[in-house]
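Notes follow the structure.
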Amino acid sequence: MKFQVNNNEVYASTGGRPFDKDKPLIIFVHGSGLTHMTWVLQTRYFAFHGYSVLALDMPGHGLSGGESLKSIEDMADWVSDVIDAVGYKEASLVGHSQGCLVTVECTARNPDKIKTLSLMGGAGAIPMNPELLSLAENNDPKAVELMMDWAHGPAGHFGGHPVPGLYHINTGSMLAKTRTIKNTLGVDFRACDNYKNGFEAAKQIKIPTLSILATGDKMCPVKEGKKLASNIETSEVEIIDNCGHMMLLEEADQVLKVLKKFILKYYKLPSPTLQISPIYKFHPFFM
C-alpha cells in the first residue's frame, strides 16, 4: 500500500489483505536500517484476523521516498502523521529496537491516539558503539555484517528460520542493504545515539504496554528492557529464552503467540471466516 505523508510517498505492507478503514489499525515500526519485511511473519496473522495492518518503511528506507529522518523525535511525529494520513483517530503500535524508541516517544506525545503499545527488544536508551557508528556513517558494509552478527542469538546463527529456505543473518543483511548504508543505518544509529528522552517518555505512558525481551539479546539486554518497562506503570513483561535481539525472526512463533494474546485482550472482534488452504490450516500464523 502506498500513500502520502508530508509530501513524500510511504510504502507499508498490509499483511497480505486489503487495507480496510473499518477495522482497528495496528502499525509496525522496524529497527535501524531495516524495512517492513522484518514483520512479515507477525503482520499476516493480524491481517487475517480482523485488523488493518501497516508495516511501515520509514522515510528513506525500503520502498518509501524522502530522506531518512535524523531524530527519534521526528520519527515519532512522523508515525503520528501516518495515523492521520490513513484516516484514523487511534492505532496500536508495535516497535522493534529503534522502533521501540520511536513508538515510546510517539505514545508519550500522542496519548489519545495510541490504544496499545508493544515493544520488542526495547530499552530506554540505545547508545551506539563508536566504531560501529563510524563504520555505518562511512558507508562501510562491515557495519551491516557486525550489526547482524551481534543482533542474532545462537539459533539465528545456526539457522532454522520459520520460513523454509531463509537464513537469519543473510535475510537481515539483505534488508539492511536495500539503500545506501550511511543514509539509512548511519542516520538511524546516530538518531539512537542522540536520543536521551526514553525514560522520561516512558513515565508518561498510561496505556496497556507489552515488553517482549530475550535472554540472548546483546544489543538491548533483558536488564535494560526491564528498566524501561519499570518506568511504564502499565507494562507487562514477557521473556523469550535462548533468543537474540532479532526475536521477531528468530522466534517468530513465540513472539506472535505473546503479541496476539496481549493485543486481543483489548479488542473484541468477531471471528472472521477465512478460506484457507488445508495445507496451511494448522500453521500458527493462521490459527
Side-chain angles (χ1 to χ4, degrees), residues 1-31 35-40 42-66 69 72-96 98-120 122 201-202 204-210 232 234 248 256 259-272 274:
M1 173 179 171
K2 294 182 179 180
F3 53 95
Q4 294 283 321
V5 175
N6 302 330
N7 299 317
N8 286 312
E9 187 172 77
V10 176
Y11 177 82
S13 168
T14 59
R17 299 283 287 180
F19 188 77
D20 185 346
K21 290 185 179 179
D22 292 328
K23 295 178 180 179
L25 175 62
I26 306 176
I27 294 177
F28 293 77
V29 183
H30 62 73
T35 75
H36 71 277
M37 290 181 66
T38 55
W39 297 109
V40 65
Q42 287 80 36
T43 53
R44 192 167 185 84
Y45 171 83
F46 290 102
F48 278 79
H49 287 79
Y51 298 83
S52 281
V53 167
L54 292 177
L56 302 171
D57 280 349
M58 297 292 286
H61 293 63
L63 301 175
S64 286
L69 300 174
I72 298 299
E73 291 86 351
D74 286 346
M75 297 177 200
D77 289 341
W78 181 83
V79 170
S80 176
D81 291 341
V82 166
I83 298 172
D84 296 336
V86 295
Y88 276 76
K89 294 183 178 180
E90 180 184 69
S92 284
L93 299 182
V94 183
H96 170 245
Q98 173 187 282
C100 294
L101 300 181
V102 174
T103 55
V104 164
E105 183 69 26
C106 181
T107 302
R109 291 177 175 224
N110 305 277
D112 295 332
K113 293 174 74 171
I114 313 303
K115 184 176 179 69
T116 68
L117 174 63
S118 301
L119 308 172
M120 299 184 191
Q204 299 175 45
I205 295 175
K206 308 298 180 184
I207 64 168
T209 301
L210 170 68
I232 303 174
T234 52
L248 66 176
L256 176 61
L259 185 62
K260 70 183 185 183
K261 179 181 178 182
F262 170 73
I263 289 181
L264 267 58
K265 288 192 297 184
Y266 301 99
Y267 293 91
K268 293 184 178 180
L269 303 175
S271 298
L274 302 177

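Keep in mind that this is a model prediction, so the values were computed, not measured.
Around atom NZ of K265, more than 12 heavy atoms belonging to other residues, nucleotides or ligands sit under 6.0 Å away. Heavy atoms from other residues, nucleotides or ligands lying under 6.0 Å from NZ of K206 number more than 12.
Between G15 and A47, the shortest heavy-atom distance links the atoms O-CB, 3.5 Å.
The aromatic rings of F28 and F46 sit tilted, their planes meeting at an angle between 30° and 60°.
In this structure, CD1 in I207 is found 6.5 Å from CD1 in I114, a value given to the nearest 0.5 Å. With values rounded to the nearest 0.5 angstrom, I205 atom CD1 is found 5.5 Å from L117 atom CG. Here the CG-CD1 distance, from L54 to I26, works out to 10.0 Å after rounding to the nearest 0.5 Å. Note: H96 NE2 to L101 CG = 11.5 Å, rounded to the nearest 0.5 Å. Taken to the nearest 0.5 Å, the CG atom of L119 stands 8.0 Å off from the OG1 atom of T107. Rounding to the nearest 0.5 Å places NZ of K23 at 11.0 Å from OH of Y51.
Looking at L259 and M120, their side chains come closer than 4.5 Å, going by heavy atoms from C-beta outward. Put simply, the side chain of W78 does not reach to within 4.5 Å of the side chain of N8, judged on heavy atoms.
Remark: side-chain polar atoms of Q42 are paired, donor with acceptor, to backbone N or O of L248 under 3.5 angstrom. Side-chain atoms of S52 never come within 3.5 Å of backbone atoms of L25 as a donor-acceptor pair (strictly under, hydrogens ignored). A donor-acceptor pair under 3.5 Å links the side-chain atoms of D57 to the main chain of L63, judged by distance alone. Side-chain N or O atoms of T14 include none that pairs as donor or acceptor with a backbone N or O of F19 at under 3.5 Å. Using a distance-only test at 3.5 Å, with no hydrogens or angles considered, no donor-acceptor pair links the side chain of K21 to the main chain of G87.
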Intermediate values then yes/no, side chain to side chain donor-acceptor pair (under 3.5 Å), Y267 and S92: CA-CA 11 Å; Y267 293 91; S92 284; 2.6 Å; yes
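Taking the ring axis of Y266 as reference, the NZ or CZ atom of K115 does not stay both within 45° of it and closer than 6.0 Å to the ring centre.
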